[in-house]
Peer 1: 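Submitted below is the structure of interest, expressed as structure tokens.
A, B, ... follow the sequence lines: proteins, then strands. Residue 1 opens every chain.
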Number of protein chains: 2
Amino acid sequence: MGTTQLESVPEPKYWHLRTVLSEALDSEFSVGEILPNERELAARFGVARATLRQALEQLELEGRLQRRRGVGTTVAPPRVGVAVGTEQHAWPGAADDAWHPVDCVQAAPPAAVADALETDRDQPVHTVRRSRVSQGQPVAAELLYIPASSMPGLTAIDAPSGTARARAVLRELQHLELEGQEQAVELGSARADDAKELDRLPGAPVLVVTTRFIAEGRTAALSVATYRADTCRLTFGDSGGVEIHHRPERQAS
Amino acid sequence: MGTTQLESVPEPKYWHLRTVLSEALDSEFSVGEILPNERELAARFGVARATLRQALEQLELEGRLQRRRGVGTTVAPPRVGVAVGTEQHAWPGAADDAWHPVDCVQAAPPAAVADALETDRDQPVHTVRRSRVSQGQPVAAELLYIPASSMPGLTAIDAPSGTARARAVLRELQHLELEGQEQAVELGSARADDAKELDRLPGAPVLVVTTRFIAEGRTAALSVATYRADTCRLTFGDSGGVEIHHRPERQAS
DNA sequence: TAGTGGTCTAGACCACTGA
DNA sequence: CAGTGGTCTAGACCACTAG
């Protein structure tokens, strides 16, 4: 009788814990505040540390918490909205581009990319690496694939690789007429190199945005961008910065 | 010396396992095939079951595996592309709509929704529940919020709730002129009711698509749709069905 | 060096499925 | 009913951070 309620169909402990912690975050903690450590929290709730961690993982997935090894668990700020799809289509590297180039090499692409580009697998492809920063934090890493056949004017550029090469490739891209673009979003996990760039551990959840740029009836470029799923909200549509932040509802009783 | 290689900076076992299993899935298994059970796999790889499960979780997150309690672990088909953003904006419930209505009630909305709708928190809102099916499988559940003030003509409808009511609300919506829409995508975890409708466990990863429909300069409707993140690839742009499926690259050595 | 989160183990029991 | 994945425990050690 002293307990709140008997659960005829008991929900898992970690799920209940998630709800309790979520409400505590709303009412008793403010952004950036540091939580008690995992061993202490587990003891306080009377569960094993693994169970407590399962609840924390959920909350981190939902962007409510941020955990860093050697430091602690902190309350995360609301997700930052990053504009991904715009009404006025534009090539990567255009004036208002939110990305900045990092590197560029010319090599044979992975098989999956060659398929999407509709080119032979041994045909060389310019691969531009770019990164995107928002509010001081890295939010996305991108690999931009451009078939060499799309850019005949670039064969004689002197810079063989590096940032200068990347800029040259992007500059060349602007000369083509962009006819349209198609995008897809799916859930993925960060590969080792992306994870490093995003300041996360390998396997961290990411939103993978694949963009196909169409010119002259063909796929002129393919962008594969991985966004931090914990901190980002991808926005599409006319204006990107509108304040629609959906926080999951309370659990129904 | 018999081992393949000494790892100077050893990656986690579960991550290495994920890679090994991923390659095995590519080469030795076909879609729908059932894997050995977890205890057997763990023994075969010489790890604890929890570690093996960590690897399986990764692969399930990436849409490579499907696990069902009491049944087993099967190889998942490639993710199905579902069109989310279209060039020609249209109201929910239009002729070519992929959704079908389930239910409708009129009640005060959650606080977060009221804020997004820019209405008072105690103002009544029509809440339409819809579901979306693709290739025989439920892929998304939606809550569609429409302020009663947007639809003055609906006060006298006789059906108080249920599917008939939902259809009536959607029909009424078509009479307004749609001026634009804004969308956002973020990662979330399925609430209990959504999870049930999506045939998943609570907490399963979902892609939450928030759409704001604008008419007469105001927010006339707000849709919060949760898509199964494991099985869905959300497509935006001119044509939704194009075959760009990005499979994560092999891990660099 | 002390304290944090990340990984891993070897068990146990439960909830669910299908024969 | 037997077999599956899902939950949970109580430990251990490791990698990383910061004072």
Peer 1: Quick one: does any side-chain atom of B/R228 pair with a main-chain N or O of B/L198 as donor and acceptor, under 3.5 Å?
Peer 2: yes
Peer 1: Polar pairs (N or O, both sides) under 3.5 Å between protein and nucleotides 6-9 of chain C?
Peer 2:
| from | atom 1 | to | atom 2 | distance (Å) |
| --- | --- | --- | --- | --- |
| C/dG6 | OP2 | A/R53 | NH1 | 2.8 |
| C/dG6 | OP2 | A/R53 | NH2 | 3.4 |
| C/dG6 | OP2 | A/R67 | NH1 | 3.4 |
| C/dG6 | N7 | A/R49 | NH2 | 2.8 |
| C/dG6 | O6 | A/R49 | NH1 | 3.0 |
| C/dT7 | OP1 | B/Y14 | OH | 3.1 |
| C/dC8 | OP1 | B/K13 | N | 2.2 |
| C/dC8 | OP2 | B/Y14 | N | 3.2 |
| C/dT9 | OP1 | B/K13 | NZ | 3.0 |
| C/dT9 | OP2 | B/A48 | N | 2.9 |
| C/dT9 | OP2 | B/T51 | OG1 | 2.4 |

Peer 1: Using modelled atom types and a 3.5 Å cut-off, is there a donor and acceptor pairing between side-chain atoms of B/R79 and backbone atoms of B/R64?
Peer 2: no
Peer 1: Short question: side chain of A/T51, backbone of A/V47 - any donor-acceptor pair under 3.5 Å?
Peer 2: no
Peer 1: Whole Å only: how far is the CD atom of A/E40 from the P atom of C/dG5?
Peer 2: 11 Å
Peer 1: Write down the distance between CG (B/L41) and C1' (D/dG3), rounded to a whole number of angstrom.
Peer 2: 15 Å
Peer 1: Check the distance between C/dT4's C1' and A/Q66's CD and give it to me in whole angstrom.
Peer 2: 15 Å
Peer 1: Could you tell me if the side chain of A/R68 sits less than 4.5 Å from the side chain of A/T73, heavy atoms only?
Peer 2: no
Peer 1: Starting from the C-alpha separation in whole Å, work towards a yes-or-no answer on side chain to side chain contact (heavy atoms under 4.5 Å, CB included) for B/R18 and B/E62.
Peer 2: CA-CA 11 Å; B/R18 183 210 79 108; B/E62 295 168 22; 2.6 Å; yes
Peer 1: By side chain to side chain contact (heavy atoms under 4.5 Å, CB included), which residues pair with A/P138, not counting sequence neighbours?
Peer 2: none
Peer 1: In this structure, how many angstroms lie between the P atom of D/dT4 and the CG atom of B/L35, rounded?
Peer 2: 12 Å
Peer 1: Do A/T235 side-chain atoms and B/A184 backbone N/O form a donor-acceptor pair below 3.5 Å?
Peer 2: no
Peer 1: Within the structure, does a side-chain N or O atom of B/T73 lie under 4.0 Å from either OP1 or OP2 of D/dG5?
Peer 2: yes
Peer 1: Between A/N37 and C/dT4, does any side-chain N or O lie under 4.0 Å from OP1 or OP2?
Peer 2: yes
Peer 1: Would B/H100 and B/R132 count as a side chain to side chain contact (heavy atoms under 4.5 Å, CB included) if you check the C-alpha gap in whole Å, the side-chain angles of each, and the deciding distance to 0.1 Å?
Peer 2: CA-CA 6 Å; B/H100 61 264; B/R132 182 169 180 171; over 6 Å; no
Peer 1: Give each stem of DNA chain D as a range with a range, requiring at least 3 consecutive Watson-Crick or G-U wobble pairs whose two distances are under 3.5 Å.
Peer 2: C:1-18 with D:1-18
